[in-house]
Amino acid sequence: MAKQWGGRFEGKTDSLVEKLGESVSFDARLAKWDIRASIAHARMLGAQGIISKADSKKIITGLGAIAKDIEVGKFVFDPALEDVHTNIETALVKRIGDAGKRLHTARSRNDQIATDVRLWARDQIDAIDHQLAHLQDAFVRIAESHVETILPGCTHLQHAQPVSLAHHMLAYFEMFHRDRIRFIELRTRVNILPLGSAALAGTPHAIDRFTVAEELGFDAVCGNSMDAVSDRDYLIEFCANAAITMMHLSRLCEELILWSTPAYGFIEIGDAYTTGSSIMPQKKNPDVAELVRGKTGRVYGDLAALLTLMKGLPLTYNRDMQEDKEPVFDASDTVQLCIRVVTAMLPSIRFNIETMREATREGFLEATDIADYLAEKGVPFREAHGIVGRIVLHCTKTGKRLPELTLDEFKKFSPRVERDVYRCLDPQNILRRRDHVGGTAPRQVKAAIKRARQILKTLG
Ligand code: ARG
C-alpha cells in the first residue's frame, strides 16, 4: 500500500518501522469521533467554498456509510495504513473517488488527532460522571438505613471514637463528590476545538473554526495553533482525576477487606462479588475489592507514563505523543470498570450490626468524652486529658472497661466527676453529643443525607 506521505521518498519503509509506528491497533476505537470531526470539517470546507458543495456532500455521505460499516463490524482496519485517520481517509477515497482526496484540505493529522481525543475524552468524562452519581447513590442508600448503627471510628487503625455507619459511608460520598467536580471542571478545559490549527501554524485557506466548534459542541476554539496541536494537559489531568478516584475506591476496598476478615466480622460481601479457593473449601475471598485496590496502581502508572512522555517534548507535535493513547485508554477503561463493579458490590454487603456495636466496647472509645465532660465542669482540657489518661491506665491494670468503674473509683481521679458521667459512657449518647454540621450525631447525619440527595438531584 502506497503511503499517503510517500511523495518525497524513494526507498521503502522497513517492516519493523511499520510495526513500531502503527497505532490503529489501539486508536481504531477513536473512529466514531474521527468521523464526526471529519464530517464537520467537510461541511465547513463546502460552506466556505474551499471545496465544492457537491464534493462536501459526497464526503459527508461517504463518511456516514463508513461509520455504519464500522459499527456493524464490516470495516477492516489495516495496520499498514498506520492510524485511524489514514484508514478512514483511504476507505473514503475508495468509496467516493476523487472527492475523498479533498477532505484533508486545511487540516493535518496533528489537529485531527487532538480533536478526536478531546471529543473522546468529553464523552468519557460524561460517562464517568454518570457512573460516579450511581456510586454516590449506593452510599446514600446504606447511610439511610444505618443512621443509628455504631462502629468504632479509627485513627492509626486503632479504636478512637464511636461513629455511625451512615457517617462513615457519607465520608465516601464526599470523596466521590470532589471527584465529580474535578471531572466536571476538566470538561471545560477539554471542550475547546483544536481543529483549524492544521500542522502547527494554521492554514491559508479561508476556514471558519467557529461553525466547526458549534457543530461538534465545543465551547470555544484553541487560541494558539502551536499549543493546540501539542497540548496534552487535558489527558494528564484526565489520568490524574482517574488516579484520585481509584485511590478513593482503593481506600474503600481496603476497609471492606479488613471488615470482612474474621477478626473484624463487620460485613459479609455477597457471593457475586467474592470468590472461593481452589484448595481451601471454606474460603470466601474479597477478590473484587482486592482487584480494585490492585488496579489502582495501574492507573497511577498511566499517569506517570503521560507525565514522563511529555516532559521533554519541544513544540510542537512530536511522534512520541502517539504513545499517549494506550495509557489514557487504560486509565479510562480501568476507572470506569472499577466504579461500576464497586457500585454493584455495595448493595450486596450485609452489615453485622451487633458485631460492630460489640466492637465499640473495646478500646476505651469513651475516653475523649470523659475528658470533654471534665472540661465542661471547668477542668482545663489539658488537665482533664491527663486525668482520663490515668483512669484508662487504671482500667488496663484492673482489666475493667470505663463504664464498669464505680463513681467512687472515678472520684479518686477527680472529685469533679458526678453520677451524670455515665451519660458520657453510652455510645449512642456519644454520637448524639456531636451535634454540629459535619458531626456524627444522628440529627446531623440525617441532614447530611438530605444534602447528599439534593446534590444528586442537582448534578444529576
Ligand atoms: N497517530 C498519530 C498520533 O496519535 C496521529 C498524528 C500523526 N501526525 C504525524 N505528524 N505523524 O499522534
Side-chain angles (χ1 to χ4, degrees), residues 1-9 12-14 16-38 40-41 63 66 70 75 77-93 101 103-124 190 193-203 216 222 224-236 238-239 302 305-333:
M1 178 71 68
K3 300 268 183 277
Q4 268 188 344
W5 38 259
R8 66 99 60 226
F9 289 80
K12 263 176 58 127
T13 312
D14 188 310
L16 276 177
V17 173
E18 288 188 342
K19 197 172 156 63
L20 177 76
E22 74 82 21
S23 59
V24 75
S25 56
F26 50 85
D27 69 15
R29 67 152 78 186
L30 293 173
K32 186 173 109 184
W33 294 277
D34 188 71
I35 289 173
R36 265 186 76 190
S38 287
H41 181 67
L63 286 171
I66 292 171
I70 294 173
F75 191 95
F77 288 99
D78 178 5
L81 290 172
E82 263 184 52
D83 57 26
V84 63
H85 321 299
T86 333
N87 267 270
I88 289 170
E89 200 184 307
T90 307
L92 182 69
V93 174
K101 296 182 184 166
L103 170 61
H104 213 55
T105 317
R107 82 171 182 188
S108 148
R109 280 186 294 167
N110 298 350
D111 58 347
Q112 191 179 355
I113 187 65
T115 305
D116 293 2
V117 176
R118 281 179 188 259
L119 286 171
W120 169 85
R122 191 175 72 187
D123 281 356
Q124 305 319 304
V190 166
L193 177 75
L195 208 61
S197 304
L200 76 160
T203 171
L216 295 175
C222 295
N224 180 297
S225 62
M226 296 180 78
D227 179 49
V229 295
S230 61
D231 167 30
R232 294 294 181 273
D233 294 2
Y234 55 96
L235 295 184
I236 294 172
F238 183 91
C239 283
D302 294 329
L306 281 194
L307 286 166
T308 313
L309 175 69
M310 294 303 294
K311 76 179 263 291
L313 297 188
L315 296 185
T316 55
Y317 180 84
N318 299 271
R319 189 64 179 276
D320 316 45
M321 287 156 78
Q322 180 164 295
E323 289 293 309
D324 62 0
K325 311 283 175 312
E326 285 165 295
V328 81
F329 290 160
D330 182 66
S332 177
D333 293 345

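In this chain, numbering begins with 1 at the start of the sequence shown. Reckoned from all heavy atoms, side chains included, excluding hydrogens, waters and symmetry mates. Each ligand, and each atom within it, is numbered from 1 in the order the structure gives.
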Any N/O of Arg319 closer than 3.5 Å to an N/O of ligand 1?
no

For atom 11 (N) of ligand 1, grab the closest protein heavy atom and report residue, atom and distance to one decimal in Å.
Arg109 NH2, 3.7 Å

Taking atom 1 (N) of ligand 1 as the reference point, the nearest protein heavy atom with its distance
Gln322 OE1, 2.8 Å

Per-atom contacts of ligand 1 with Ser23, taking only distances under 4.0 Å to non-hydrogen atoms:
1 (N)

With sequence neighbours left out, the residues meeting salt bridge (Lys or Arg N to Asp or Glu O under 4.0 Å) with Lys101 are Asp98

State plainly whether the residues Glu18 and Lys3 are in salt-bridge range, i.e. N to O under 4.0 Å.
yes

One residue to check: His85. Relative to ligand 1, which of side chain, backbone, both or neither has a non-hydrogen atom less than 4.0 Å away?
side chain

Run the numbers on Asp231 and Arg118 for salt bridge (Lys or Arg N to Asp or Glu O under 4.0 Å), then give the verdict.
CA-CA 11 Å; Asp231 167 30; Arg118 281 179 188 259; 3.1 Å; yes

For the residue pair Lys325 and Val117, establish whether any side-chain heavy-atom pair is separated by less than 4.5 Å.
yes

Identity and separation of the nearest protein heavy atom to atom 4 (O) of ligand 1:
Lys325 NZ, 2.7 Å

Side chain to side chain contact (heavy atoms under 4.5 Å, CB included) test vs Ser38 passes for just one of His85, Arg107, His104, Glu89, namely Arg107

Winner among Asp83, Asn110, Val84 once heavy atoms are compared against atom 9 (C) of ligand 1:
Asn110

Any idea which protein heavy atom is nearest atom 12 (O) of ligand 1, and the distance to it?
Tyr317 OH, 2.4 Å

Region of Gln112 that comes within reach of ligand 1 [heavy atoms, distance under 4.0 Å]
neither

Quiz question: by atom type and distance under 3.5 Å, do the side chains of Arg109 and Gln112 form a donor-acceptor pair?
no

Evaluate the ring planes of Phe329 and Trp120, with Trp represented by its six-membered ring, and classify them as parallel (under 30°), tilted (30 to 60°) or perpendicular (over 60°).
perpendicular

